[in-house]
Amino acid sequence: IAADAPGQVTLDPVKASILSGLGEPDLFRGLQMLPGVSSMDESSSRLNIRGGTPSQNLILMDGITLYQPSHFFGLLGTVNNHAVKDVNLYRGGYDARYGGRTAGIIDITGRPGQTTEDSYGSSANMLNLNGYIEIPLKKEKLSVMLAGRSSYSNPEQIEIWPYQELIRNQLQEGDFFNKTQGENLNINPLYRFRDANAKLVWLASDDDLISVSLYGSIDRLKYGADLLKVVGIQRSQQELSMHSKGANISWNHQWDKNWYSKTHVTYSGYLQNYDASTQEESGEYSIQVDQDNIVRDFSIRHDHEWEINRRDKLEAGFFVQNFQTSHLTNFERFGEWINGRESMLSGTLAGAFGQYHLLPDHEKFDLKLGLRYQYYIPTEAHYVEPRISSVYHVSDRFKLKATFGRYNQFIQLVPTVNEAGIAQEYWAIAGQDSLPVSNATHFILGVNYQTGNWTFDLELYRYGYGNLIGDTTQFSGLYNQ
């Protein structure tokens, strides 16, 4: 673990494999061991960074935004430890290269794959099977890495611990349980999850490196119950599924020994679907609820970095990003449309950034001055975000650090609760009157001392947030009607 810049921590997942996890090392639970990072609901990937909410964090996997970073209602992270090279955690005060969130950044770099020899491994526990393989397709030129993880597919596995207990713990607070207390209840839950990573790296020339990263995950809960009532058996079926997918194509080019560029084309997608139905054995009573939340995120980014001399470095780039979100709700009773709601939004964000970095070559002062500009079409507004960061090296082991930054967030996670009592947040584009663009200002002061294998890091911070919104809307009525 390294902690150099204000608010930043770099984590090697291999060396951190001794950190906590449910059945296996979990990257996100490892991050919770760090100061300033916690989870209010004891989940894995729903991280609260210095008082922020999980939705105020940007989680990137090789540039792909992870809109649903957890399995099993947050108990497991969707990032496979075998697929990770390193992790940069920014607990605030991050520089002008990053934007779009107001709390923290978790930037994960995937393993590039071995270029000289095959490498593979696997593991198993009571929850899932896990494996990876790295293959050099062309020695020192072309490699591929594949990693995958899956819960056990045998439906009978759900009847043994820990599946049954974990699912019941998540569902016991829902309306379904609350409204059926004391009734003859036969419950049949089924839960499955999978995730996969692939990365192809090609050294096309001495100056060109091309990589392609793919990511996908799926969670599916089917929950059926038979309630013995006076009029007969009432059958209830509920299904919640969450799909995440993404792709990133990256081209790194070295123009000369002091100048190189990076170009990224990225797609990130997310689909959440919730279906619920109730029907009497006689067929007289029938209700169907269908809710969907879809996110499509497409971006193009082009960055340059110049090392002007051994002490001065300049970075600049531009980007265009398009968000599309939809939140659909259908409600039918006896085959008749009772209530329907549809919200489809699209927004484009365009901008540029630049920053100057004064490196501490034989000097004690490290300074980074940055500015990020963004124009957001839904609000037709300009957003200017200054960033300042400095480190003063008192000695080789002891340093002082400070940072300031302004941040804006253009897509928000609106919390809701479905009939099963499961937190079923949906993503929506900001910029409406009811969902404004949120903002934050970060101030950080800190000291850092390193000796041997020990690092002592102390930071004082003040984060101010604006335009926050919460929605605890519950689509109730399945058992009320």
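In this chain, numbering begins with 1 at the start of the sequence shown.
In this structure, T78 contributes its side chain and P69 its backbone to a donor-acceptor pair below 3.5 Å. Under the 3.5 Å distance criterion, the side-chain polar atoms of R406 are left unmatched by any main-chain donor or acceptor of V384. At least one donor-acceptor pair under 3.5 Å links the side chain of E385 to the backbone N or O of N408.
Evaluated for a ring-ring contact (aromatic ring centres under 6.0 Å, His included) with H302, the options F319, F318, W251 yield exactly one hit, F318.
Between D95 and R387 there is no salt bridge, since no side-chain N of the basic residue sits under 4.0 Å from a carboxylate O of the acidic one. Here K368 does not pair with D366 in a salt bridge; the nearest charged N to carboxylate O distance is not below 4.0 Å. For D62 and K199, the salt-bridge test passes: some basic side-chain N is under 4.0 Å from an acidic carboxylate O. Between R91 and D457, at least one side-chain nitrogen of the basic residue sits less than 4.0 Å from a carboxylate oxygen of the acidic one, meeting the salt-bridge criterion. A salt bridge links E459 with R50: the closest approach of a Lys/Arg side-chain nitrogen to an acidic carboxylate oxygen falls below 4.0 angstrom.
When ring centroids are compared, H243 and Y270 stay outside the 6.0 Å threshold.
A donor and an acceptor atom, one from each side chain of Q68 and S70, are located under 3.5 Å apart. No side-chain donor-acceptor contact under 3.5 Å links S211 and W202.
Between Y465 and Y463, the ring planes are perpendicular. Angles over 60° get that label, and only those under 30° would be called parallel.
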Please assess D195 against R149 for the test salt bridge (Lys or Arg N to Asp or Glu O under 4.0 Å), listing each intermediate value before the final yes or no.
-> CA-CA 5 Å; D195 59 63; R149 185 169 47 166; 2.8 Å; yes
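At least one test fails for R397 against the ring of F456: distance under 6.0 Å to the centre or angle within 45° of the axis.
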